[in-house]
Undergrad: 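Would you mind keeping the following structure in view while I ask a few things?
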Amino acid sequence: MTAALTRPRCDETAAWKALGRQFEDTGRRFDLREGFRSDTGRFESLSLQAPHVFADLSKNLIDAAAEALLLDLARECQLERHRDAMFGGEPVNNTEGRAAKHWLLRAPRGAGADPDAAEVHATLDAMLAYAEQVRGDGAITDVVNIGIGGSDLGPQMAVAALAEFALPGKRFHFVSNVDGHELAGVLRQLKPESTLFLIASKTFTTIETMTNARSARAWFQDQGGRDTARHFAALTTNVAAAGEFGISTTFGFWDWVGGRYSMWSAIGLPVAIAIGAAGFRQLLAGAHEMDRHFQATPLDRNLPVRLGLLDIWYRNFHRFATRSIAPYHSALGRLPAYLQQLEMESNGKSVDARGRPLAVGTSPVLWGEPGTNGQHAYFQMLHQGSDVVPVEFIAARQPMHSLRGHHGQLLANVLAQAQALMQGKPDDGGHKNFPGNRPSTFFLLERLDPASLGALLALYEHRVFVSGSLWGINSFDQWGVELGKVLAKDIAPRLDSGDVSGLDPSTAGLLRRLR
Ligand code: F6P
């Protein structure tokens with residue numbers, strides 16, 4: 001059996017029991033304000049600098065004793081062995097018999113001895129050469145990415161995040177939904193001779209993507225478009241299927257790249273077109289720096305490890321069921337959606353890697369919006385609601401614009417929110433009482449650029465690996481999305497035929513109304 005299967009699961013360890021006792025004795029009642037009063041070095045001891053990301057963990061409901069036990073837990077669960085198995089190319093995705101080597105996509109040429117490294121670099125070079133060619137092709141004004149899930153969220157998020165680094169003169173569109181309103185709305189803005197369609201699908205079988213791709217091809221032909229080779233490219237592991245579809249320009253990747261870990265591969269082509277080959281290499285380099293940090297830093301100074309352990313503490317001991325992502329950078333507007341797939345598709349499981357039911361909670365619900373917008377919408381609940389929601393603030397010291405008077409306001413607000421959540425404000429009257437002691441983590445980038453974005457995303461990937469590893473689950477499969485796909489295939493023809501035989505009464509009733 002691989003390392004993924006033979007390691008102890010968190011709830012089977014001595015450290016787990018000790019954590020339970022620690023929580024009952026002091027952890028449950030830990031008060032942040034008291035924590036800062038009694039330890040003047042709390043900020044210094046609970047903040048750390050990882051590549052491109054400074055993290056302040058000091059406003060979390062944790063003390064040195066719980067930290068120490070969580071680190072014991074990581075050791076008892078053989079986290080480092082599991083991490084090394086992933087970086088060693090072992091089949092840590094055991095239910096699909098695959099390695100999880102997204103980290104290889106950002107390893108510099110010549111680093112390590114992975115057998116796939118040469119092919120990775122040859123593909124990257126070809127993809128980036130193509131990106132430069134498209135950038136130089138002034139006749140192409142619109143790039144349309146057709147893909148869903150991991151073949152959409154990463155590039156969409158990163159193109160927006162790095163808009164300040166993008167070549168002016170090209171517009172990017174992302175079509176994911178099988179709902180034709182989305183594609184129709186985009187097509188209305190396009191002309192075939194100035195459009196490049198990128199069909200992004202790891203499998204090249206996903207129903208939404210193939211439906212949109214067929215409609216895009218039909219539109220292109222109907223509008224008199226010629227030269228499919230110039231106007232369509234495919235990003236896929238299934239190059240044969242792309243060929244059958246009629247696309248000859250293809251950039252491949254490998255089955256060991258999970259969809260939600262794929263923006264570093266050919267799936268990142270829209271990003272490379274937007275920010276150029278050099279920018280894309282900086283994105284990869286930033287992520288690689290975080291890979292090295294995760295691999296080489298002792299557990300107690302290892303940021304993904306510390307975050308993953310905190311996630312366990314919050315989910316399984318404090319029993320917080322959700323976590324809010326609050327990027328105080330409007331360019332990170334799609335980051336919460338991206339992180340939802342990353343964390344919830346990876347760790348939203350209730351059996352371990354051996355298929356045994358888990359007795360503990362796993363992935364929290366992730367949600368959020370950029371600040372300061374969230375403040376004027378749902379922050380009320382964060383401050384005074386009945387549930388405690390740990391918040392993750394993300395800010396950049398330097399803005400990427402030169403408008404005066406904005407960035408100071410933004411930074412003042414993000415600091416104030418973290419402060420208000422922690423400090424609270426007593427008020428006898430009730431309505432104006434802020435309980436405080438509400439936890440948050442603060443991530444600070446020097447500025448949002450390709451390298452820091454790469455590092456931030458790799459940080460989240462590894463943190464998800466850490467909590468998944470301790471829960472003993474396979475973070476790299478996603479069987480939970482299969483059933484809905486199968487049932488939709490069964491229902492689609494029934495919408496035409498009206499056949500409701502064998503359907504439950506609710507589905508049958510709705511189907512009749514929809515015809
Ligand atoms: O339905 C879930 C999923 O398999 C995701 O994991 C994946 O990112 C998405 O569908 C898209 O898959 P593909 O890239 O193969 O079209």
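For ligands, and for the atoms within them, numbers begin at 1 and follow the listed sequence. Index from 1, following the sequence.
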Undergrad: Look up atom CZ in Phe253 and atom CD1 in Ile267, then write down how far apart they are to the nearest 0.5 Å.
TA: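 Reported value, rounded in 0.5 Å steps: 4.0 Å.
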Undergrad: Below the 3.5 angstrom mark, is there an N/O of Thr209, backbone or side chain, next to an N/O of ligand 1?
TA: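 No: no nitrogen or oxygen of Thr209 is under 3.5 Å from one in ligand 1.
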Undergrad: Taking only heavy atoms of Glu345 into account, list the atoms of ligand 1 that are under 4.0 Å away from them.
TA: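 Listed by number with element, the hits are 2 (C), 5 (C), 6 (O).
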Undergrad: Would Glu208 count as a contact residue for ligand 1, given that I'm defining contact as a non-hydrogen atom of the residue lying under 4.0 Å from a ligand atom?
TA: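 Glu208: no contact with ligand 1 (<4.0 Å).
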Undergrad: Suppose we measure from atom 8 (O) of ligand 1 to each protein heavy atom; which comes out shortest, and what is that distance?
TA: Gly150 N, 2.7 Å
Undergrad: A cation-pi test, strictly: NZ or CZ of Arg98 under 6.0 Å from the centre of the six-membered ring of Trp256 and no more than 45 degrees from its axis. Yes or no?
TA: no
Undergrad: Evaluating non-hydrogen atoms only, which member of Gln478, Lys202, Lys485 is closest to atom 1 (O) of ligand 1?
TA: Lys485
Undergrad: Hey, looking at atom 12 (O) of ligand 1, which of Ile199, Val481, Thr206, Thr236 has the closest heavy atom?
TA: Thr206
Undergrad: So, His462 versus Phe87, ring centres under 6.0 angstrom or not?
TA: yes
Undergrad: Considering only heavy atoms, which of Leu153, Thr203, Leu235, Asn238 lies nearest to atom 15 (O) of ligand 1?
TA: Thr203
Undergrad: Take Thr141 and Arg171 through the test side chain to side chain donor-acceptor pair (under 3.5 Å) and record every step on the way to the result.
TA: CA-CA 6 Å; Thr141 55; Arg171 293 186 298 172; 5.2 Å; no
Undergrad: Tell me if the aromatic rings of Phe443 and Phe393 count as close, with their centers under 6.0 Å from one another.
TA: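 No.
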Undergrad: Report yes if Gly149 has an N/O atom closer than 3.5 Å to an N/O atom of ligand 1; otherwise report no.
TA: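 There is no such contact.
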Undergrad: Can you check whether His173's main-chain N or O pairs, donor with acceptor, with Asn145's side chain at less than 3.5 Å?
TA: no
Undergrad: Answer with yes or no after comparing the ring centroid distance for Phe220 and Phe232 against a 6.0 Å cut-off, counting only values under it.
TA: yes
Undergrad: Is there a protein heavy atom less than 4.0 Å away from atom 10 (O) of ligand 1?
TA: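 There is no protein heavy atom less than 4.0 Å from atom 10 (O) of ligand 1.
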